[in-house]
Protein chains: 2
Amino acid sequence: MAKELTSRSENYSQWYQDLVIKADLAENSAVRGCMVIKPYGYAIWEKMQAELDRMFKETGHVNAYFPLFIPKSFFSKEADHVEGFAKECAVVTHYRLKNDEENGGVVVDPDAKLEEELIVRPTSETIIWNTYKNWIQSYRDLPILVNQWANVVRWEMRTRLFLRTAEFLWQEGHTAHATKDEAIEETEKIINVYADFAENFMAVPVVKGLKSANERFAGALETYSIEALMQDGKALQSGTSHFLGQNFAKAFDVTFATKEGKEDYVWATSWGVSTRLMGALIMAHSDDNGLVLPPKLAPYQVVIVPIYRKEEQLAEITEKVDEIIAKLKAKGISVKYDDRDTRKPGWKFAEYELKGVPVRLAMGPRDLENGTVEVARRDNLTKEVTSLDNIDEYVENLLEDIQQNIFKKAYDFRAENTRKADTWEEFKEILTTKGGFISAHWDGTPETEDLIKNETKATIRCMPLEYEEEEGKCIYSGKPSKRRVLFALAY
Amino acid sequence: MAKELTSRSENYSQWYQDLVIKADLAENSAVRGCMVIKPYGYAIWEKMQAELDRMFKETGHVNAYFPLFIPKSFFSKEADHVEGFAKECAVVTHYRLKNDEENGGVVVDPDAKLEEELIVRPTSETIIWNTYKNWIQSYRDLPILVNQWANVVRWEMRTRLFLRTAEFLWQEGHTAHATKDEAIEETEKIINVYADFAENFMAVPVVKGLKSANERFAGALETYSIEALMQDGKALQSGTSHFLGQNFAKAFDVTFATKEGKEDYVWATSWGVSTRLMGALIMAHSDDNGLVLPPKLAPYQVVIVPIYRKEEQLAEITEKVDEIIAKLKAKGISVKYDDRDTRKPGWKFAEYELKGVPVRLAMGPRDLENGTVEVARRDNLTKEVTSLDNIDEYVENLLEDIQQNIFKKAYDFRAENTRKADTWEEFKEILTTKGGFISAHWDGTPETEDLIKNETKATIRCMPLEYEEEEGKCIYSGKPSKRRVLFALAY
Ligand SMILES: [Zn+2]
Ligand SMILES: [Zn+2]
């Protein structure tokens, strides 16, 4: 096979890189840290977007669009935010180029210097809250439930396709509320939407939880996240929802007249998922043969390959295949028929395996005689020959089966790789020999978390929302603790 | 009415500005030249995007995503392109801020200067053709039919919401072909898609034509455009499709092995429409009462307002309205039921008139008794009372009617405002007293076009694809001409 991948056991990180490139998902561009999302990768992202957008709208949200640029001074207005964000970013200082008379080409025109530099948005809380100031006067103007699909830029020195890139695509929700309770409810509603999407569409099981103070969003009072486990035993934060309190309202002076006629600052949330989800999707399910896609997000769910020697065989097969396609499409199943004569069936089989198409149908002259078709599933690589009668229902059920099987496999993997540690020795041993999630007691202090991180690189992924109260001792400090939290090495 | 607009006859430009702001479509942001697209305006843009995206996909195109930033040197590679584009643009020179120890806040870190400046894309031909270089080796890799939905930035000194903004949203198609004919066919296919969209969804009649050399895209051999006429008699270029020849392939050294085993440069097209279409949509149909939306692009096609005195009346009305909503939704009609008790019916009527909702239903106690409902259409402001029997079919037909009526009105307006001029005096008189499209002979030289523009500000909008050969004399130079072209003042 021409496009062989490095195996996961050999070099997991190289396997990922190979897979992203060879399955035509994305590639590095001429601009350091920025990626090109190729059509096949983008088609998956579009499916994700469509589902998420539907979920946001069903929960009462609307879309809007805010400027790409943010005046530099805006970042200084919220003290924590500037610490967390304004540093590594793309800065626009000029607005014109001019011909270089001496050397040819173009140079920056020194006469076209901006009075105030503009920052390419790394996230939009500041520009949005500066806008909300004019939208909100009274409780009647609340809540504002706005989402934006956009590109953002955070200058990164070490980048990896989808997982960490200077420019990435995301959605960022920014909501404004009259009460604290309502804002917290919104924050929680969204983390549930994210978990629902991850589990039921991406087929990636996630743990919902609260971030520790160290890992919180810059400017948030509370950050909720969903955490997924990759096949190398490392965690991947897949979505975050922040309760921002009144911090941004205070920074941008956004107040409203309450029902009772008083003046109060507005309560805020923000939340986002990004093209990083593509990384999670790829790493959670794929194998040494290539991508494994959950049917609900596959650009096409079924590929049909004709097997023939002579032209007239192809014509007969195609006639039958057209019937199958019509039946499948009537069930809302997306199908690609690859009848190219420039590639052999074996090449096509390998190609669609690499690209993770959930179901492959192959039809040859013998199938035509017998009224059968060969069905191969990508998730477990099994094949069987089945009758063409009711092929639509057969495939429909199979896709459902694959969706569930992929989830179950990831769920079982996570269950096997979530371990309790009760001593520091145990913790370190699990971390170095097995990885995965480690459930352990912690004394609740940022200092201890820092010490653990410095010694092991492990961080608290979250304090799961579902947990049991349990008396215990911090694995590091030995101080008393009332609950376990989830540690892991992380992307 | 609290939100009264400036009338069109009083001040057309102010009317437009008022309308965009008061109908909650968009507003200026804190960043000069950049707009905020508000939820109601964005919902219309989303409808446009969805239809266009569907049309692109039906014609074989796929989406992808390329970087926001372009290395400065890329612009120098295509000589015409740099002249046309690289000058007024946002230049990123640094990648870090740091705390300002003396004055507080943040300043640009002088140590974080980029070796080569990055330009925020004004259009993506250069970065995309630099990428295609690696995607194309042989004729088997062609055609590439890629589209991108993205934000772009062109520094503009005088901006107007939607019509001309520093940052705007658009789609840019970039295709690569093995032959000149195929590329020209693609260029024409897309201008037909744009015209289809403008006429059948936006209800805006357009003229398809070729641009003169003066008005061509920088780097194109031929630019096709669709031109629409606004109510003030000015033309608005609403979409362009460019045949780029082999210019970008030569600039970025993109060659391919032909079927015959030779080496040749790849043929290119690019094409785009932007949020400028929002401006065309607003200006083509709206009146002094507000927005008039074609049903096919309205965020909601029907609004229902209850008219009542007592709470129990509202309950009864709502029960009946719920039945209507269910029926309408079953027909795929989008409905909003505004049962807020914080606003009076009169306020709501004015609000939805301002927002251009195509159909308004109002139901009061008497309607309830009689099994009727009051139906008001936004396009011609007529009202009638109709029976609730078959209300779904009634509304469905009405929406179709409104869509066609809006188009017809714009079509008739254009017909009345397209005039032939045969002398220079006549040309100037029509231009100053009536405006509109002027069909006139032209000697075909850029020099004459420039002279006409300098004297009157009118430009050649296009050389229509549909025309009759006709011997004549250039209205300006008197030189012989074989066909008329279309002049107008333009946005
Ligand atoms: Zn803060
Ligand atoms: Zn050129």
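Within every chain, numbering begins at 1; the chains are lettered A, B, ... in the order of the sequence lines, protein sequences first and strands thereafter.
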**Q** Please look at A:Leu114 and chain B and tell me whether the side chain, the backbone, both or neither of the residue comes under 4.5 angstrom of a heavy atom of that chain.
**A**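 Contact with chain B: side chain only.
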**Q** Checking the side chain of A:Thr59 only, and the main-chain atoms of A:Met55 only, is there a donor and an acceptor separated by less than 3.5 Å?
**A** yes
**Q** Select one option (side chain, backbone, both, neither) describing which atoms of A:Asn63 are under 4.5 Å from chain B's heavy atoms.
**A**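 Contact with chain B involves both backbone and side-chain atoms of A:Asn63.
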**Q** So with a 6.0 Å cut-off around CD of B:Glu102, is the heavy-atom count from everything else above 12?
**A**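 Open.
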**Q** So what's closer than 4.5 Å to chain A heavy atoms on B:Lys57: side chain, backbone, both or neither?
**A** side chain
**Q** Would you mind telling me which of A:Ala30, A:Ala166, A:Ala26, A:Ala64 has the largest number of heavy-atom pairs within less than 4.5 Å of chain B?
**A**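 Option with the top pair count is A:Ala64.
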**Q** Answer yes or no: is there a side-chain heavy-atom contact under 4.5 Å between B:Val120 and A:Leu68?
**A** yes
**Q** Quick one: which of B:Arg340, B:Glu116, B:Glu167 has the most heavy-atom pairs under 4.5 Å with chain A, could you say?
**A** B:Glu167
**Q** Would the number of heavy atoms belonging to other residues, nucleotides or ligands and lying under 6.0 Å from NZ of A:Lys329 be above 12?
**A** no
**Q** Just checking B:Phe252 against B:Trp129, ring centres under 6.0 Å apart?
**A** no
**Q** Okay, side chain of B:Glu125, backbone of B:Phe248: is any donor-acceptor separation there less than 3.5 Å?
**A** no
**Q** Using the six-membered ring wherever Trp is involved, compare the ring planes of A:His61 and A:Phe56 and label them parallel, tilted or perpendicular (cut-offs 30° and 60°).
**A**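 Perpendicular.
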**Q** So what's closer than 4.5 Å to chain A heavy atoms on B:Gln148: side chain, backbone, both or neither?
**A** neither
**Q** What are the two closest non-hydrogen atoms of A:Cys89 and A:Trp155, and how far apart are they?
**A**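 Smallest heavy-atom distance, with atoms named: N-CB, 3.9 Å.
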**Q** Just say parallel, tilted or perpendicular for the rings of A:Tyr132 and A:Phe66, cut-offs at 30° and 60°.
**A**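 Perpendicular: the ring planes of A:Tyr132 and A:Phe66 meet at over 60°.
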**Q** Could you check whether any side-chain N or O of B:Arg121 sits under 3.5 Å from a backbone N or O of B:Ile70, counting only pairs where one atom can act as donor and the other as acceptor?
**A** no
**Q** Please check this pair: side chain of B:Ser29 against backbone of B:Cys34, looking for a donor-acceptor N/O pair closer than 3.5 Å.
**A** yes
**Q** Do you know which of B:Thr131, B:Leu169, B:Leu118 has the most heavy-atom pairs under 4.5 Å to chain A?
**A** B:Leu169
**Q** Relative to chain B, which segment of A:Lys133 carries a heavy atom at a distance below 4.5 Å: side chain, backbone, both, or neither?
**A** neither
**Q** Heavy atom to heavy atom, less than 4.5 Å: which residues from residues 38-54 of chain B reach chain A?
**A**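 B:Lys38, B:Pro39, B:Tyr42, B:Glu46, B:Asp53, listed by number.
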**Q** Looking at chain A, which one of B:Glu117, B:His94, B:Met35 has the largest number of heavy-atom pairs inside 4.5 Å, strictly under?
**A**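 Most heavy-atom pairs under 4.5 Å with chain A: B:His94.
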**Q** Side chain, backbone, both or neither: which part of A:Ile127 has a heavy atom under 4.5 Å from chain B?
**A** side chain
